[in-house]
Protein chains: 2
Amino acid sequence: MSSLYKRVDYQALINFSADVLQRIGYPRNKAEITAKVLVEADARGVASHGVTRLKVYKNELESGHVKPLADPEIVFETPISAVIDGHYGIGSHISQFAMEICLEKTRKNGTCYVSVRNSNHFGMAGLWAEMASREGFIGSAYTNTIRCAVPALGRQRMLGTNPIAVSIPTDEEEPFLLDMATTTAARGKLGVYKRRGKDLPEGWIIDEEGEPISDAQAATNLLADPTRELGGQVFLGGSGEEMGGHKGYGMGLLVELLCAPLSMGSWTRDVFQTPDANVCHFFSAFRLDLFGDPAPIRTYVGNILRALRNSAPLHGESQVYTHGQKEAARRKIALEKGVEIDEATWSMLNGLARDFNFASLEER
Amino acid sequence: MSSLYKRVDYQALINFSADVLQRIGYPRNKAEITAKVLVEADARGVASHGVTRLKVYKNELESGHVKPLADPEIVFETPISAVIDGHYGIGSHISQFAMEICLEKTRKNGTCYVSVRNSNHFGMAGLWAEMASREGFIGSAYTNTIRCAVPALGRQRMLGTNPIAVSIPTDEEEPFLLDMATTTAARGKLGVYKRRGKDLPEGWIIDEEGEPISDAQAATNLLADPTRELGGQVFLGGSGEEMGGHKGYGMGLLVELLCAPLSMGSWTRDVFQTPDANVCHFFSAFRLDLFGDPAPIRTYVGNILRALRNSAPLHGESQVYTHGQKEAARRKIALEKGVEIDEATWSMLNGLARDFNFASLEER
């Protein structure tokens, strides 16, 4: 996704981002986790969830949505579940805490489900699911988001982009990693189109009357105004039923029902409607040895993925991909040659360096 | 979905269908379960998974794909999981067996995951997920299918329609019930279009060169030929990436990875490629009290669904629906006034009655 302007050393970009977050009020350990989550997204080419968010995170902190000193708390648990209150703290720190509990219980008891309320933006959902597959488990992560999406057949803004991430270990180095907004496009992708001056594909966003919007700036204005009740992002499959819009909407609604009621936190309609953000998440993991010997299972998963990659592509396409493959390849290059940053993000980072009198990324 | 030709009494249609299945070789108990699964789909308006399948089931039995006397067997288990070998038996009977184990372990231990290999078509996926929500649990059901779908950016037939069903209890009589093929349309929907002589929407099926097919008969011919390697159904979001085709493909692939490797059964590429069908399923359930008191959780789920139904519809639409709502309303009418059957299905049922010298549905 990244339109290359500069490559920045992976660790230098983490350090710089952590310095920025610490300066705006994050404790160092929370700044480091958050910086890593952002830079990991950039390294994988998911610029929408990368360091461009530093500016957003700064605004959220200044507006009081994020309380950087608050720590998450387990408010209910069983041997295979936990409910966590994030107390309006930092999303990536809360999610790391939640996923560590999820993995600890899974190691002991085979599986775990964790719901989280009163959190904030947790970055790229796939990173949390991937924590499970790194241990050989199947993992998943879900979150509600700021209100921005209309249900199929509707034009009132009721839900979020509500992403789903699932990671499954294979016999390869990298897992199967599905990480998708249930809307046609992730909200952050709009920002990428806007910064690059590109028209939106028809069917990403509808206006207050239900008509498609192609101008990324107009779409951003529509979504940015929290007083607007009508118009918003469309779920996968479109705003009608013939191309399956009710299915994308169903996946988004499923995410909502796992996140908010199971944590008794806010549903998307109410997220960011008070001074606190109130984002909710849901995580789960389960062990492969619930089904026998994990080794042949992992090999079988790998065989299916390889068969798909070797299948006949559409004319004009070089190959069929499996989920996580492109991102893993980009990450490998980013670790060797530096993380791709586009021009607008580069300017933003330099602006932060000037504001805080930090050594800029070029000086590091 | 049903174009009304006749209404048939719910129980009479089950009895007739069970008689047909028994006559072709199903033991009575398996015939009754299967008949109920088919008629429940018709009652909900999901004609593609209804009694029209009697003809398909007869063919599958005659071709040896289904072994009606085989019984499922637990081949591996833990307190929260089971792997079941269906031994090529009857899909709905195997799935009932699997889901009963899943619910029994969930009652005892809070959750359960069950994978199934060597099964057959299990009917409408949602019915199995709904078994869990009737007990107050969250339930899900997944299955691979006959090979018919191309991955995003691809034109080789590698996967199935691979449906996902999730059911969540609410404070209302009927649960949230998402039940969706991960392809844009369920395979059975093609048959409905063909029987009614309707053109397919562009983007449901591509031909061997990757071009869309609009003629339902041509599409059916393409899919019906098992020697054809190229062309097939498209996943939700289309065959490219701009409208999210990689997401629909990702959901379908996720279903495949849960069904086949976790049961060590056949993946879609190999389903129906031997005399046995080898369909695989995956089921799971977990209890609401893993997260605290279930009552307020159920109310909260209901509140979200009601808010969506009361939100502003697109111009020209009467309302926004939630998943399972339309089907529950149709089922209520079907139980009172009879199940809707279309003309082609009516003829087929009368043909079966003549073949077997049964009292026809009009005589019952």
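By convention in this document, chain letters (A, B, ...) are assigned in the order of the sequence lines, proteins followed by strands, and residues within each chain are numbered from 1.
- When side chains are defined from C-beta on, B:Leu314 counts as touching A:Ile206, because their heavy atoms get closer than 4.5 Å.
- B:Leu308 has its side chain within reach of A:Leu159: a pair of non-hydrogen atoms, C-beta onward, lies under 4.5 Å apart.
- Only the side chain of B:Leu178 comes within less than 4.5 Å of a heavy atom of chain A; its backbone N, CA, C and O stay farther away.
- Atom CD1 of residue A:Ile80 and atom CG of residue B:Leu290 lie 4.5 Å apart, to the nearest 0.5 angstrom.
- Within the 4.5 Å cutoff, the side chain of B:Trp267 has no heavy atoms near those of the A:Asn303 side chain.
- Proximity to chain B (any heavy atom under 4.5 Å) is shown, for A:Tyr113, by both the backbone and the side chain.
- At distances below 3.5 Å, at least one donor-acceptor pair connects side-chain atoms of A:Trp204 with backbone N or O atoms of B:Glu242.
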TODO: Please report the C-alpha distance between B:Leu288 and A:Leu262 in whole Å, then the side-chain angles of each, then the deciding distance to 0.1 Å, and finally whether the side-chain contact (heavy atoms from CB on, under 4.5 Å) criterion is met.
DONE: CA-CA 8 Å; B:Leu288 290 186; A:Leu262 297 185; 3.8 Å; yes
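- With a 4.5 angstrom heavy-atom cutoff, B:Tyr321 touches chain A via backbone and side-chain atoms both.
- Within the model, atoms CD1 of A:Ile304 and CE of B:Met158 stand 9.5 Å from one another, a figure rounded to the nearest 0.5 Å.
- Across A:Pro294, A:Ser239, A:Gly265, the residue that shares the most heavy-atom pairs under 4.5 angstrom with chain B is A:Gly265.
- Proximity to chain A is limited to the backbone of B:Asn109, based on heavy atoms less than 4.5 angstrom apart.
- Ranked by heavy-atom pairs under 4.5 Å with chain A, the list B:Val234, B:Ile297, B:Val83, B:Thr268 is led by B:Ile297.
- Annotation: side chain of A:Gln319 is not in contact with side chain of B:Leu153 (no heavy-atom distance under 4.5 Å).
- When the ring pair (Phe, Tyr, Trp, His ring centres under 6.0 Å) test is applied to A:Phe235, no partner is found at least two apart in sequence or on another chain.
- In this structure, chain A has no heavy atom under 4.5 Å from any part of B:Thr299.
- The aromatic rings of B:Phe286 and A:Phe282 sit parallel to each other, their planes meeting at less than 30°, with 60° as the upper class boundary.
- Residue contact with chain B, scored on non-hydrogen atoms closer than 4.5 Å, involves the backbone and the side chain of A:Thr322 alike.
- Using a 4.5 Å heavy-atom threshold, the side chains of B:Val320 and A:Val150 count as separate.
- In this structure, chain A has heavy atoms under 4.5 Å from both the backbone and the side chain of B:Ala307.
- In terms of heavy-atom pairs under 4.5 angstrom with chain A, the leader among B:Glu317, B:Gln156, B:His315 is B:His315.
- With chain A as the partner, the residue from B:Gly244, B:Gly292, B:Gly238, B:Gly316 showing the most heavy-atom pairs under 4.5 Å is B:Gly292.
- Counting heavy-atom pairs closer than 4.5 Å to chain A, the top residue among B:Pro296, B:Gly237, B:Gly210 is B:Pro296.
- Atom CZ of A:Arg155 sits about 10.0 Å away from atom OG of B:Ser311, to the nearest 0.5 Å.
- Here the closest heavy-atom approach between residue B:Ser81 and residue A:Phe291 is recorded as CB-CE2, 4.5 Å.
- B:Phe76 touches chain A through its side chain: at least one heavy atom from C-beta onward sits under 4.5 Å away, while N, CA, C and O do not.
- Sorted by first then second residue, the salt bridge (Lys or Arg N to Asp or Glu O under 4.0 Å) pairs that include residues 287-299 of chain B, not counting sequence neighbours, are B:Arg287-B:Asp289.
- Heavy-atom distances place the side chain of B:Glu241, and not its backbone, under 4.5 Å from chain A.
- Between chain B and the residues A:Leu254, A:Val166, A:Ile168, A:Thr78, the most heavy-atom pairs under 4.5 angstrom are made by A:Leu254.
- Considering only heavy atoms from C-beta on, B:Met251 comes within 4.5 Å of A:Met180 through its side chain.
- For the set A:Arg269, A:Glu229, A:Glu77, A:His246, the entry with the most heavy-atom pairs within less than 4.5 Å of chain B is A:His246.
- Listed for the A:Lys247 side chain is a donor-acceptor partner under 3.5 Å among the backbone atoms of B:Ala181.
- The two residues B:Leu236 and A:Gly248 have their closest heavy-atom pair at CD2-N, 4.0 Å.
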Task: Pair A:His323-B:Tyr249, side-chain contact (heavy atoms from CB on, under 4.5 Å): steps then yes or no - done: CA-CA 9 Å; A:His323 301 78; B:Tyr249 156 47; 3.5 Å; yes
